[in-house]
Amino acid sequence: MTSHSAFSRAAGVACALALSGLLGTQATASVPDTSTTFTTSAETTASERVSDIYSAAGPEEVTSLAVPGFQLFFPTNLGGDGIRHPLVTFGNGSFATFEEYDALLHHLASWGFVVAVADSSVTGDGTEIAAAAQYLVDRNTDPQSIFHDSLDTEHVASVGHSQGAGGAINAATQSSLITSTAALDLPDPLWASRPVDVVDVTRLTGPMFFMTGADDPVSTASAQARYFDSTPVSAVRGRLLGVGHNWASDGEGFRGYLTAWLMYTLRSDSVAAGAFVGESPQLLTDEHWDGVAIKDARGGTG
């Protein structure tokens, strides 16, 4: 499979979402204050859309590495200029492996994130996703590790697709490490055939981004709206027009806003923030998206 080939996984087996017990005290995080910010080094103009900026490859060369249980993607120049890299832990969809998201994972690493994905296609309970985050955190304190003292372990995002989207939410409610979450094509609750398939967004404590394809029969508009409305923290939702449940491994039209979300919530990037906050967040007026809503932790919506 090439890096841009379409997924062939059936949507009917997309979900095995789960809710597990807490692994520790929950993280508490809010949408960042951008009064002191990291600003992307990408050259920008007033007319350039945030999604276009972050759809492009980032400034970092990327290395990938297989370790027992996980695949890792990270900037080749780890810790260059004293930078500490935020972490992203990613959950595969049902029957999918990291190869089907390879281009997207490389893309995220090119923007300075260290990305870990568990070698599992059953990620809905969130344990593998949380374990990947813990693996990286442990490497940061290991003097023998290439990641030693180069990771920003206080800024960690859980991200996933389909079953892995539910796993990303479950990881965020299990692990005190997770400070931001993004769900790509989170399936409707009706796909939960067992108690362990259930996600509980009311337990989220950090900012949340729900993304789905407008043509997705598994992740429908009404269910996405209910997830969003039930989320007690700062949250964003939107549907990408012309896209179904499965998509190319580079993330297609999701890639720009997903990367911007991570840059904003993990690095307080003031350019990325323009997609989600301010007088006129760009996502709200993007003609390629519908069903868009944004709310802060106090419940206000835009």
Side-chain angles (χ1 to χ4, degrees), residues 29-62 73-88 90 103-115 151-152 154-159 179-184 206-211 233-238 240 250-289 292-297 300-302:
S30 61
V31 173
D33 175 5
T34 56
S35 58
T36 58
T37 62
F38 169 90
T39 302
T40 178
S41 60
E43 294 182 4
T44 62
T45 66
S47 61
E48 195 168 8
R49 295 198 67 86
V50 170
S51 60
D52 294 333
I53 295 168
Y54 295 101
S55 289
E60 301 285 350
E61 296 292 329
V62 175
F73 303 82
F74 52 91
T76 301
N77 185 25
L78 278 169
D81 298 322
I83 292 174
R84 289 179 177 265
H85 304 276
L87 311 180
V88 176
F90 187 89
L104 177 60
L105 302 175
H106 273 87
H107 176 81
L108 296 178
S110 78
W111 281 99
F113 301 107
V114 173
V115 183
L151 305 181
D152 178 0
E154 295 186 357
H155 293 91
V156 182
S158 57
V159 180
T179 61
S180 175
T181 304
L184 294 152
M208 178 74 219
F209 190 7
F210 300 97
M211 290 167 278
V233 292
S234 301
V236 178
R237 67 176 170 93
L240 179 60
D250 64 354
E252 295 189 33
F254 294 114
R255 184 175 68 249
Y257 283 119
L258 171 60
T259 307
W261 177 255
L262 298 175
M263 291 292 289
Y264 172 42
T265 60
L266 300 185
R267 303 188 73 175
S268 297
D269 186 324
S270 59
V271 175
F276 311 107
V277 298
E279 293 184 1
S280 182
Q282 288 188 14
L283 182 59
L284 289 177
T285 58
D286 192 323
E287 67 274 15
H288 301 295
W289 291 71
V292 176
I294 297 173
K295 67 178 178 180
D296 64 24
T301 58

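Please read all numbers here as calculations on a predicted model, not as lab measurements. All residue numbers in this chain count up from 1 along the given sequence.
- Taken to the nearest 0.5 Å, the CG atom of Leu258 stands 13.5 Å off from the CD atom of Glu252.
- Atoms CZ and CD1, from Phe276 and Ile294 in turn, are 7.5 Å apart once rounded to the nearest 0.5 Å.
- With values rounded to the nearest 0.5 angstrom, His107 atom NE2 is found 14.0 Å from Phe73 atom CZ.
- Annotation for Glu287: atom CD counts as buried by contact number, over 12 foreign heavy atoms lying within 6.0 Å.
- Annotation: the span from Glu60 atom CD to Asn77 atom CG amounts to 6.5 Å, rounded to 0.5 Å.
- Thr285 and Ser280 get closest at one heavy-atom pair: CG2-OG, 4.4 Å.
- Val233 approaches Gly206 most closely through the heavy-atom pair CG2-O, 3.1 Å.
- Aromatic pair Phe209/Tyr257: centroids not less than 6.0 angstrom apart.
- Separating the NE2 atom in His85 from the CG atom in Asp152 is a distance of 10.0 Å, to the nearest 0.5 Å.
- Separation of atoms CD1 (Ile53) and CD (Gln282) is listed at 7.5 Å; rounding is to 0.5 Å.
- Closest of all the heavy-atom pairs between Gly58 and Ser110 is N-OG, 2.8 Å.
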side-chain contact (heavy atoms from CB on, under 4.5 Å) between Leu262 and Tyr54, worked out: CA-CA 10 Å; Leu262 298 175; Tyr54 295 101; over 6 Å; no

Residue pair Asp296, Val277: steps toward the side-chain contact (heavy atoms from CB on, under 4.5 Å) verdict: CA-CA 9 Å; Asp296 64 24; Val277 298; over 6 Å; no

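- With Ser158 contributing its side chain and Thr181 its backbone, the two residues share no donor-acceptor pair below 3.5 Å.
- Considering only heavy atoms from C-beta on, Val159 stays 4.5 Å or farther from Leu108 through its side chain.
- Screening Trp111, Tyr264, Phe254 against Thr259 for a side-chain contact (heavy atoms from CB on, under 4.5 Å) leaves a single residue, Trp111.
- Side-chain atoms of Arg255 come within 3.5 Å of backbone N or O of Ser55 as a donor-acceptor pair.
- Residues Ala272 and Ala260 share a closest heavy-atom pair of CB-O, 3.3 Å.
- Considering all non-hydrogen atoms of both residues, Trp261 and Ala182 come closest at CD1-CB, 4.1 Å.
- In this structure a side-chain-to-backbone donor-acceptor pair under 3.5 Å is missing from Asp81 to Ile83.
- Contact detail for Pro207 and Thr179: the closest heavy-atom pair is CD-O, 3.2 Å.
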